[in-house]
Structure formats: structure tokens, C-alpha cells
Amino acid sequence: MVLSLLFKPKELITVIRLMREAKRLGVEIDELPSDVVASHVLPKTHPERYGLVPDAEVTTTSPIEDLALAAVKDDVRAGNWENAADLVTSTYGDWDRRQRVVWTLADLAAKDDTWMDAWQTARPGDPHWIVVHAMSLVSLAWDIRGSGTSSQTTREQFEGFHRVLFEAREAAGVAAAVLPDDPTPWNTTLTLARGLQVEHDEFRAIWAELMSRDPLHHNGHAQALQYWCRKWHGSDELALAFAVEAAAKSPKLLSLPLQAAYEAEGTSPDVWKSPAVVGALDALVDRLADEGADTYALRNDRGYAIYALLELQRFEEAVGQFRALGALADAGPWDYFAEPRLKFLSQRGIAVKAAAKGRGVKAPVR
Amino acid sequence: MRVSLRAAISVAVLVGFHVLAFGLIGGLLALETYALIERPFVGVKLALFVVPLVYALVKGLISLERRTRDEVPGTLVTPEQQPALWDLVRRLAADVGTRPPDEIRIVAAVNAAIAEDTRFLGLRVLRRRMFIGAPLLTSLTEKQLIAVLAHELGHYANKDTRFAGVVVSGREAMLRAGSHMNAEHWFQRMIAKLFRGYAKLYLRLSRAISRRQEFAADRVAATLAGSSAAASAWRELPVIDAAWDLFTNRHLTVAWELGYLPTTFFDGFARLRTSPELHEELEEIRQHPHDPDRGPYDSHPPLKDRIVAIEAMALEPESGWGDRPALELLTDPTPLLDAAVLNTLVSDAASKERVDWATLGHIGARARVVRGTERLLQASAAAMNRPPSLTTVLDALDAGHLAGLGTHVPGNRDAGARARREMARGEVLPELSALVALAFSDTGLARWELDWLGRTTFVTSSHDFDMADHLDAAVADHGSTEGLRTALATAGVAPDYRPAH
């Protein structure tokens with residue numbers, strides 16, 4: 001779990017200490033509790049001296065951002081579907097929120113769909129039901145496949161994955177037909193395109209449909225970026241080009257080039273220094289100066305900004321972003337890691353230490 | 001290095017092998033005897049070491065000398081039974097300049113070979129046997145068969161080097177070296193290693209000779225049969241090999257475990273070789289011949305090089321050989337060839353029931369399908385606590401047991417009941433589909449057909465056998481088995497239908 005932290009030789013001594021600790025506790029080193037690991041691995045700093053919250057307060061739990069959504073989640077778990085159905089219906093027109101609501105409910109429906117059945121029975125032909133249903137099939141397909149590598153995935157899991165994704169595409173098509181102005185079903189089609197290995201031209205056609213309904217669809221841009229990544233169906237260059245073009249459309253998409261760089265850094269190590277990435281970072285930092293960290297999207301933007309700032313040795317600015325994030329380690333890029341909180345704390349420690357020693361690039365006076 | 005010199009060294013190594021082994025045994029025994037006489041106490045202790053070592057050495061030597069007591073494969077044919085074949089072989093042996101075999105045996109393999117019972121690592125020959133593959137007899141022309149047999153006899157022609165024949169027999173004996181040793185035992189393992197190391201040395205030394213012998217034997221073949229017949233035979237061998245492989249694996253033994261064999265063998269093989277669905281594939285092999293895998297110590301040069309060399313010789317055939325099918329050399333070929341195949345199959349082959357090819361294909365395919373339905377039948381029986389039958393399966397589905405009928409797990413550990421149900425759907429649907437197909441087949445409304453490529457198709461005379469929608473409905477959420485039940489009842493399938501083995 002902590003292997004990514006330990007691949008450097010100078011941390012070998014830490015590994016030895018951890019092994020000793022594991023032996024003392026009578027467990028394998030991989031089974032050590034993460035707070036024990038953290039106490040050995042993390043840089044020893046004094047966060048409060050720099051206006052940061054103490055390590056112990058950092059959490060990966062998101063505060064409730066959408067009260068109505070949180071309430072209907074509870075309703076659904078209790079078997080009551082009406083409020084959920086009404087909430088989905090009421091989000092029509094507020095596309096970013098609709099996307100969040102639909103996806104959250106779809107995730108629940110992928111685990112257990114009895115409440116969806118009740119909804120369908122009570123309101124047959126409800127177009128909003130089909131929108132949630134289509135997305136829940138995407139979520140179900142991924143539950144069947146799991147997140148293992150292809151060698152860890154069984155033939156039956158792959159077959160189920162593809163079968164259900166085809167059903168999802170069909171359902172999304174029906175949803176798009178009954179709600180022609182809604183971008184949400186098109187975003188579902190866009191999302192499942194990765195799993196069905198859709199060709200570039202076909203993907204561009206789906207993208208055009210989504211863009212004609214909501215040119216700044218937030219999640220749509222994140223999904224499309226994944227498609228254009230090297231690990232899916234694109235390349236480092238295609239992903240970065242897509243992200244830069246999107247960032248030029250709106251300041252709210254400024255973190256996309258940083259996410260593209262993050263995806264590309266393994267194969268293109270110099271990507272962080274490219275002018276397009278640095279330009280997007282500067283613009284994003286400028287924009288964030290007037291904003292807080294109240295939404296997941298904002299924390300995600302700040303997270304990727306921090307990652308970029310550290311790569312560019314701009315430690316002082318990174319500390320500033322950590323200050324703005326406070327105790328919340330719930331967004332990207334930390335959520336990519338098995339131990340998001342540890343990743344957050346170790347990055348924060350590095351930033352604080354380097355900034356305290358006056359290393360790296362000083363923050364510009366704004 | 002000249003061939004004769006290499007051959008001489010090879011023979012020296014062969015002889016040396018015996019000298020090494022006997023020398024070790026003699027030395028050890030002498031040492032032991034000396035010790036026992038001079039210092040009995042030391043001698044007893046030494047015996048703990050010497051006795052197992054000598055035992056292992058002797059056992060290793062025996063493994064070299066042991067003539068296979070296993071039954072010699074193939075069906076023996078006497079000159080009285082097959083005069084034409086014997087005449088041909090004798091004439092070829094005379095032309096080649098070697099003695100004719102003592103036995104001719106027909107085997108069920110795409111191969112011709114001469115093997116000898118030998119003593120002293122091939123230095124002395126006891127009995128020479130010629131093996132001729134039955135598929136060769138049915139597939140080659142007379143001239144092509146002559147090329148193949150002349151090649152085998154050519155290995156013993158002894159024209160190019162005096163020791164060459166010894167080298168061939170020696171290789172065979174060496175490949176057996178250490179094969180009877182007990183790998184569990186430390187001493188025997190060491191001795192086996194020693195023997196094998198020595199064998200490798202010998203095989204490497206003799207390899208160049210062997211390769212040259214192949215080319216020399218090819219020259220003999222081309223001289224007697226003519227370049228074009230020899231080259232075409234060499235091209236044909238991989239084709240026959242591929243066809244024979246397909247034939248034995250996918251057709252001949254398709255219903256073996258159920259106790260069935262085809263009534264006749266070689267008519268099926270002939271139909272397979274000439275079937276339109278295989279034409280392209282076999283022609284591809286004919287144009288681009290690949291060498292079969294003959295193991296790590298094989299001495300054959302690449303087939304392509306040999307064909308090129310044979311064609312470059314541009315030799316005309318000796319006069320008097322016919323261009324008729326080789327099969328015409330045989331008197332009453334069918335029982336002989338079938339007996340050769342039966343002989344190769346294990347001993348209980350004779351007890352199998354013999355059916356025509358179409359029935360055999362259906363039986364084989366049906367058995368595979370039956371196996372594919374057992375899991376679902378058992379799972380349904382357990383879920384319903386009733387005897388397994390098609391109706392039990394349908395009842396289990398109607399009772400909402402779909403998720404419980406599956407065994408496959410989703411990839412995400414946190415996946416919910418819906419994902420498990422979906423996995424079960426993917427597992428159950430093809431099994432249910434197979435079960436329904438069996439029910440129709442056993443009612444006489446459908447059957448499986450096996451084409452010569454080994455592909456199975458389900459054929460039905462009924463126009464309304466499209467059960468896809470009914471099957472989907474049977475496993476769907478909020479689905480129903482009603483449509484399927486109605487269709488089955490209309491077809492006359494008994495409610496408690498269960499496929500018999």
C-alpha cells in the first residue's frame with residue numbers, strides 16, 4: 001500500500017524501521033495500520049506554524065455539498081424512491097448538478113435496484129428513470145469488471161462487462177431520444193465509450209452531440225480527457241491537446257491540462273515544463289486566488305495545482321494551496337492513491353519542508 | 001572435418017562410453033576388494049558408498065542395453081499377405097545397397113521409419129524393422145511412397161561412410177541413456193546426469209553427420225523416385241500430417257469416451273482431405289511446408305532446404321515405377337489399414353460400438369453439450385430441493401433463484417446483489433440454451449452436425465426453433481419462462497426431461 005512512497009533508496013532505512021515495527025506488532029509489513037506507517041514515513045514538520053491544519057485533522061471524507069442529494073441517498077437506502085425521482089426531475093436544466101445527482105443514484109442502483117423497480121412500476125415511462133437506469137448499467141458493468149488488470153480479470157467478468165455496457169449504450173440511446181435536450185444520456189454514452197473501445201471518429205460524433213447540448217459540461221470534459229489518454233484510446237499528445245483546447249474555452253476547465261500532464265508524466269517526464277501546462281497552471285492559480293475550497297471541483301482544481309507546483313519546485317505557492325484546502329484530502333489527485341490521506345500528508349510535508357528552507361521558486365507578489 | 005573422421009570419433013565416443021562405465025565399476029570393485037582384504041573395517045564403511053554407486057552404474061548401463069520389451073507397434077504384414085509391397089521394398093533395398101528389413105509393419109502415423117534392435121549402443125544389429133504409416137499409403141502416389149521408403153533405406157546405405165549406420169543406431173541408443181534411472185534417488189540422479197552429459201557430447205558430435213545423412217538419403221530418394229516425385233512427397237508430408245491430426249483428434253476419437261468408433265476409418269480420412277472447407281488451409285501448408293516438432297535432438301535439416309536441394313538435382317525417376325495411388329500396392333487394403341489404426345488406439349478399441357460418421361459426429365457433439373448442462377441442473381436441483389430436470393431449472397428461475405444458480409463472482413469486491421445476478425445471467429443463459437437444444441435433439445427435432453474442420457452446427461428441421469427470445473425472457477429480470485415452456489410442450493418435450501448420458 002505504501003510502496004509508492006518507498007521506491008527511493010534513501011527511504012530504505014524507513015523500510016527497515018517499518019519491518020522492525022511490523023515484527024514487534026506481529027503483522028506483515030503490508031498490514032501495518034496506515035497511521036503507524038505515516039508516523040515513520042511522513043516528513044516531520046510543524047504544519048500549524050505555516051497556517052496549516054495539524055496532520056491528525058486531515059480527512060478524506062467530503063463535507064456534504066448537496067444537502068438534497070445527501071437526503072435522497074438516505075431515502076433510497078431506506079427503500080424510498082420518490083424523493084430521488086423528484087430530485088432527478090428537478091435538476092433538468094442544471095446539467096452539472098444533474099450529472100452529479102444521476103451518477104450518485106446510479107451508483108446506488110448498480111448495487112441494488114429494487115427501488116428503481118418501484119420507481120419504474122409507479123411511473124412507467126418516466127424519462128428521468130431511463131437516464132438513471134442507463135448510467136446505473138455503466139456503473140454495474142464496472143462492478144462486474146472490477147479495477148484489476150486484464151490478467152486479474154476473468155473471461156466471465158470481461159464478457160459481463162461488455163454485455164452490460166452494450167445494454168447501457170442502448171438505454172442511453174433511448175434516454176437521449178425521449179429527452180433530446182438533456183446532455184446527461186450523451187455523457188453516459190461518452191463515458192462507456194472507453195470500455196467499448198469506440199473508434200476516434202465515433203467518439204468525436206458523441207462528443208459533438210454532448211457539446212451541442214452543454215459546451216462546458218464539466219464531467220463530460222473529464223470523461224473525454226480520460227478517453228484521449230494514452231492508457232485508454234489516445235496518446236499523451238492527444239490528451240494534452242484536448243485539455244488545452246478545453247481550458248481555452250472557460251476558466252472553470254483550467255485544471256484539465258494539469259490532469260492531462262499528470263496522466264502523461266510516466267511516459268513524458270518533461271510534460272510539466274511545457275509552456276501549455278505552465279500557462280494553464282498560472283491561470284488556474286490566478287483564478288483560485290478569489291475562490292475558496294467549498295466544492296469538490298474547487299478542491300480537485302487545487303489538488304492538481306499543488307501537484308504541478310511541486311513538480312515545478314514552486315513550494316511556497318504549493319503551501320498556499322494546501323492552506324486553502326485545509327483539512328480536506330478528498331479530491332484529485334490524492335483519490336488516485338490507495339491511501340489518499342497519506343499521499344496528501346506526504347506531499348504537504350515535502351512542500352512545507354522545502355518552503356521553510358527557502359528552496360525552489362518564490363511565490364510571485366500578487 | 002571429414003565425414004569419416006567425424007564418424008570415427010563418434011564411434012570412439014560410443015566405445016568410450018562403455019569403457020568409462022565398465023572402468024568405473026571395475027575400479028570401484030577393485031578398490032572395495034582391496035580395502036576389505038587389507039582393512040576390513042574401512043572396507044565395510046567404504047561399501048556403504050561403493051555398493052549403491054555400482055548399483056546405479058549397472059542400472060544405467062542396463063538402460064542403454066535394454067531392448068524395449070514393450071510391444072512393437074503396428075500391424076505386421078508378411079510377404080504372403082502383401083506381395084507387391086514386399087517386392088517393392090526388397091527392390092528398393094537392393095537398389096540402395098542395404099539389406100531389406102526383416103519385418104514390415106503398418107502403423108497409424110504420418111511417418112515411415114526403420115528401427116533396429118541393437119546391442120552395445122548400436123554397434124551390433126539384431127533385427128531391422130520397417131514401419132510404414134497407413135495415412136501415407138492412402139495419400140501418396142506410388143512414386144511418392146517410393147521416395148519416402150528409399151529415403152529411410154538410404155540411411156543404411158553405408159555408401160558415404162562406413163560407420164554411418166552405426167551412428168544412426170547409436171543416436172537412438174544414446175537418447176535412451178539414463179531413461180530408466182530413478183530420479184528420486186541421489187546416486188542414480190548423479191549417474192543419470194553423467195550418462196546424459198556423455199550422450200549430449202555424442203549427439204553434438206554426430207549431429208553434422210546426421211544432417212549430411214539426411215541430404216544423402218534425400219539423394220537416394222530422388223535417384224530412385226525422381227526429383228519431382230521426391231519433392232512433391234516432401235511437400236505432401238506436412239499436409240497429410242495436419243489432416244491426420246485433425247482427423248484423429250476431432251473425428252476418429254470424438255465419441256471415444258462414450259464407447260463409439262466410426263464403422264470405417266479411411267473413407268472418412270479421404271473425405272476430410274478432399275473436403276472443400278479444408279482445401280485452402282491444406283493448400284497453404286503445401287505451399288509453405290513447416291517442419292514438425294521432432295524434439296531437441298532432431299537431426300533433420302529444414303524441410304524447405306531439403307526440397308530446394310532435391311529440386312536442384314533435377315533427377316529423372318528410374319523407369320518402371322508407376323504413377324498410380326500407393327494404395328494399389330496393397331491386396332485388400334481396408335481391413336489392414338483399419339487394423340493398423342485399431343492397433344494404435346488402446347487395447348479396448350475393439351470393444352467400441354461402430355457407427356456411421358454422421359451419427360458419430362452427433363454423438364460426440366451431444367456429449368460435450370450434455371457436460372455443459374450438468375452444473376445448471378445440479379444447482380437448480382439444490383436450489384429447489386427436487387430431482388434435476390429441465391422443469392426444475394425453469395421453476396428455479398421463476399422462483400427468483402437466478403443469482404443463486406451462478407458461481408462466477410464480479411471483479412469489484414464491493415459489488416452488490418445486482419452484479420452477482422448479472423454474472424449469473426451470463427453463466428446460466430448459455431447452459432439453459434444448451435439444455436433446451438438437447439431437449440429438442442432428444443425429441444428427434446434437431447441434431448448436431450460436425451463438418452470436416454471439426455466445427456459443430458445445430459441443425460433443425462423445424463422452422464420455429466428460434467428460442468432466443470424465450471431464453472432471454474427466462475433469465476431476464478421480471479422475465480418469465482412461460483414462452484419457453486409452451487414451446488417445449490408443443491415440441492413434445494417431457495416435463496421431467498433430463499439429458500441422458
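Every chain is numbered from 1 and lettered A, B, ... according to where its sequence line falls, protein lines coming before strand lines. All values below were derived from every heavy atom in this structure, side-chain atoms included, with hydrogens, water molecules and symmetry-related copies excluded.
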Do Q99(A) and H218(A) touch side chain to side chain, with heavy atoms closer than 4.5 Å? no

For a side-chain hydrogen bond (donor to acceptor under 3.5 Å, both in side chains) check, start with the C-alpha distance between D75(A) and N80(A), then their side-chain angles and the critical distance, and finish with the verdict. CA-CA 5 Å; D75(A) 289 341; N80(A) 304 321; 4.9 Å; no

When the ring planes of F337(A) and Y262(A) are compared, do they come out parallel, tilted or perpendicular, using 30° and 60° as the limits? perpendicular

Donor-acceptor pair, distance only, cut-off 3.5 Å: does the side chain of Y227(A) make one with the backbone of V198(A)? yes

Go through the atoms of A109(A) and report whether side chain, backbone, both or neither lie under 4.5 Å from a heavy atom of chain B. both

Residue pair F203(A) / A224(A): nearest heavy atoms and the distance that separates them: CZ-CA, 3.8 Å

Of the options R194(A), Q259(A), E263(A), which is the one that meets Q226(A) in a side-chain hydrogen bond (donor to acceptor under 3.5 Å, both in side chains)? E263(A)

I need the minimum non-hydrogen distance between T60(A) and A329(A), along with the two atoms involved. CG2-O, 3.5 Å

Residue-level contacts of residues 372-395 of chain B with chain A, using a heavy-atom cutoff under 4.5 Å: none

In terms of heavy-atom contacts, does CD of E170(A) have more than 12 from other residues, nucleotides or ligands at under 6.0 Å? no

Distance col, row T191(A):OG1 vs N187(A):CG, nearest 0.5 angstrom, shows 4.0 Å

Any chance you could measure L272(B), atom CG, to R250(B), atom CZ, to the nearest 0.5 Å? 11.0 Å

Enumerate by number any residue of residues 126-137 of chain A whose heavy atoms lie under 4.5 Å from heavy atoms of chain B; in the absence of such residues, state 'none'. H133(A), S136(A), L137(A)

For each of R425(B), H478(B), E427(B), tally heavy-atom pairs with chain A at distances under 4.5 Å, and name the one with the top tally. H478(B)

Is the ring pair F344(A)/W334(A) parallel, tilted or perpendicular, if the boundaries are 30 and 60 degrees? perpendicular

Report, in residue-number order, which members of residues 157-164 of chain A are under 4.5 Å from chain B by heavy-atom distance. Q157(A), R163(A), V164(A)

Within the side chain of R341(A), is there an N or O that forms a donor-acceptor pair under 3.5 Å with the backbone of V58(A)? yes

Given H251(B) and W357(B), is the side chain to side chain contact (heavy atoms under 4.5 Å, CB included) satisfied, shown in steps? CA-CA 8 Å; H251(B) 297 281; W357(B) 282 104; 3.8 Å; yes

If the contact rule is any heavy atom under 4.5 Å from chain A, which residues of residues 415-422 of chain B qualify, in numerical order? A415(B), G416(B), A417(B), R418(B), A419(B), R421(B), E422(B)

Side chain, backbone, both or neither: which part of Q120(A) has an atom under 4.5 Å from a heavy atom of chain B? neither

Which heavy-atom pair separates L405(B) from A396(B) by the least distance, and what is that distance? CD1-CB, 4.2 Å

Side-chain touch T59(A)/L328(A), heavy atoms, less than 4.5 angstrom: yes

CZ (F440(B)) and CG (L445(B)) are apart, to the nearest 0.5 Å, by 6.5 Å

Check: N412(B) main-chain N/O paired with D143(A) side-chain donor or acceptor under 3.5 Å: no

Any side-chain to backbone donor/acceptor pair from T104(A) onto R100(A)? Under 3.5 Å, distance only. yes

